[in-house]
Amino acid sequence: MIFLRTHEADPDEVYRFLTRLVVPRPIAWISTVSPEGIKNLAPFSFFNAVCDEPPIVIVSISRRDDGRRKDTTDNILRTGEFVINLVSEELIDKVELTSEEFPPQVDEFMVAGLTPTESFCVKAPSVKEAKAWLECKLFKHEELFSYDLIFGLVLCIRAENLDYEHLKPVGRLSGRYCRLTEINTRAYSG
Ligand SMILES: Cc1cc2nc3c(=O)[nH]c(=O)nc-3n(C[C@H](O)[C@H](O)[C@H](O)COP(=O)(O)O)c2cc1C
C-alpha cells in the first residue's frame with residue numbers, strides 16, 4: 001500500500017504519483033506566434049475542457065526554473081490567441097522534439113519538420129500534419145503559485161472527421177503516451 005502526505009513529501013515524488021494516477025491526460029499541442037512573427041509549438045498535458053456553453057479549455061503552464069514564463073505563455077499573453085492541435089499516434093516523435101527548451105527565436109515547426117498552415121479564426125498557425133484543431137482566444141489568465149493558468153475560449157473546431165480509428169488520439173500516462181486501443185462500445189449517457 002502506498003500512502004503519501006503531500007505537504008511533507010519530496011515534490012518530485014508528488015509529481016510522479018499525481019501524474020501516475022490522474023490518467024490518461026489529454027495533450028494540448030499548442031501553436032502560437034509572437035507579435036514579431038516567430039512561430040512556436042509545444043505540448044502541455046495539464047490540460048482539459050472545463051465547460052461547453054461557452055466552450056472553454058484550461059491549460060496550466062509552469063514557469064521555467066529561473067522564474068521566466070515559457071514561450072507559449074508569453075505568446076498567448078501578448079497576442080491573446082492559440083491553436084490546440086490534436087496529437088495522433090504518428091506525431092509522438094515530433095511532439096517530443098517540440099517539448100525541448102528552445103530559445104524564443106527558435107521556430108519549433110522548423111525543428112520538427114512540420115508544416116505551419118493558416119488557421120481560420122486566429123493568426124496563430126495550425127500544424128498541417130495534425131487531424132483536428134481547436135482555435136482559441138485567451139478568455140482569462142490566472143497566476144497560481146508558479147503556474148500560469150490559461151483559459152481559452154474555443155472559437156472554432158476543425159477535424160478531418162470524428163472517427164477515433166482515423167484520428168488515433170493519444171493521452172499522457174505519467175511520462176509515457178497511451179493509445180485508445182480498446183473502446184467500450186456500450187452506449188452511456190452524456
Ligand atoms: C507530453 C508532454 C506534456 C507536457 N505538459 C506540460 C504541462 O502541462 N505544463 C508545462 O508547463 N509543461 C509541460 N510540458 C513541457 C513543455 O512542453 C516544455 O517546457 C516546452 O519546452 C515549453 O515550450 P515553450 O517555451 O516553447 O512554450 C510537457 C511536455 C511533454 C512532452
Side-chain angles (χ1 to χ4, degrees), residues 11-12 14-50 56-114 116 122-127 129-134 136 138 140-152 167-180:
D12 287 345
V14 174
Y15 175 82
R16 200 165 63 84
F17 279 47
L18 198 62
T19 57
R20 201 144 184 119
L21 296 175
V22 180
V23 285
R25 282 177 298 143
I27 304 167
W29 200 16
I30 300 188
S31 46
T32 52
V33 64
S34 72
E36 296 77 29
I38 301 163
K39 296 180 209 57
N40 194 86
L41 181 62
F44 299 92
S45 53
F46 279 112
F47 158 64
N48 221 313
V50 288
I56 303 277
V57 293
I58 186 172
V59 188
S60 164
I61 306 182
S62 64
R63 299 278 169 87
R64 297 208 180 276
D65 292 342
D66 60 7
R68 276 184 311 121
R69 288 195 161 117
K70 292 186 179 176
D71 300 339
T72 302
T73 317
D74 256 346
N75 287 350
I76 294 174
L77 296 183
R78 291 166 78 208
T79 64
E81 297 180 342
F82 59 104
V83 176
I84 297 174
N85 304 271
L86 186 85
V87 177
S88 302
E89 278 174 43
E90 53 272 33
L91 291 170
I92 291 176
D93 289 344
K94 307 259 184 200
V95 168
E96 281 288 306
L97 275 175
T98 61
S99 75
E100 277 179 45
E101 224 179 273
F102 296 107
Q105 62 273 19
V106 171
D107 173 345
E108 285 94 355
F109 280 88
M110 299 249 279
V111 172
L114 290 160
V122 298
K123 285 208 189 83
S126 296
V127 174
E129 290 78 0
K131 296 173 185 164
W133 308 263
L134 305 181
C136 304
L138 177 63
K140 190 178 184 180
H141 166 233
E142 296 268 354
E143 293 184 54
L144 184 72
F145 307 106
S146 57
Y147 300 83
D148 288 288
L149 302 186
I150 303 291
F151 291 82
L167 297 176
K168 295 192 168 62
V170 296
R172 189 70 160 156
L173 205 59
S174 52
R176 299 179 182 185
Y177 298 86
C178 64
R179 291 189 278 176
L180 298 185

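Atom set for the values below is all heavy atoms of this structure, side chains included, hydrogens, waters and symmetry mates excluded. Remember, it's 1-based here, ligands and their atoms both numbered in the order they're listed.
- For the residue pair Phe44 and Val59, the shortest heavy atom distance occurs at CB-CG1, 3.6 Å.
- Checking only distances, Tyr177 never comes within under 3.5 Å of ligand 1, N or O to N or O.
- Scanning the protein heavy atoms around atom 21 (O) of ligand 1, the nearest turns out to be Ser99 O, 2.9 Å.
- A donor-acceptor contact closer than 3.5 angstrom links the side chains of Thr72 and Asn40.
- Side-chain N/O atoms of Asn85 and Ser31 include a donor and acceptor closer than 3.5 Å.
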Notebook entry, point to check: When you look at Phe47 and Val57, which way does the side chain to side chain contact (heavy atoms under 4.5 Å, CB included) test go after all the steps?
Noted result: CA-CA 7 Å; Phe47 158 64; Val57 293; 3.9 Å; yes
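- For the pair Thr73 and ligand 1, the shortest N or O to N or O distance does not fall below 3.5 Å.
- At a heavy-atom distance under 4.0 Å, no atom of Pro104 approaches ligand 1.
- Only the side chain of Asn40 comes within 4.0 Å of ligand 1, counting heavy atoms alone; its backbone N, CA, C and O stay farther away.
- Between atom 17 (O) of ligand 1 and the options Pro43, Ala28, Ala42, the minimum heavy-atom separation is to Pro43.
- The nearest heavy-atom contact from the protein to atom 8 (O) of ligand 1 is Phe46 N, 2.8 Å.
- For atom 3 (C) of ligand 1, the closest non-hydrogen atom of the protein is Ser45 OG, 3.3 Å.
- Contacts between Arg64 and ligand 1 below 4.0 angstrom, taking non-hydrogen atoms only, involve the side chain exclusively.
- With hydrogens left out, the protein atom closest to atom 27 (O) of ligand 1 is Thr72 OG1, 2.5 Å, a heavy atom.
- Closest to atom 9 (N) of ligand 1, if we only count protein heavy atoms, is Ser60 O, 3.1 Å.
- Checked for salt-bridge contact, Asp66 and Arg64 miss the test: no charged N lies under 4.0 Å from a carboxylate O.
- If you check which protein heavy atom lies closest to atom 12 (N) of ligand 1, you get Lys70 NZ, 3.0 Å.
- Residue Thr98 has no N or O atom closer than 3.5 Å to an N or O atom of ligand 1.
- With a 4.0 Å heavy-atom cut-off, ligand 1 is reached by the side chain of Glu96 but not by its N, CA, C or O.
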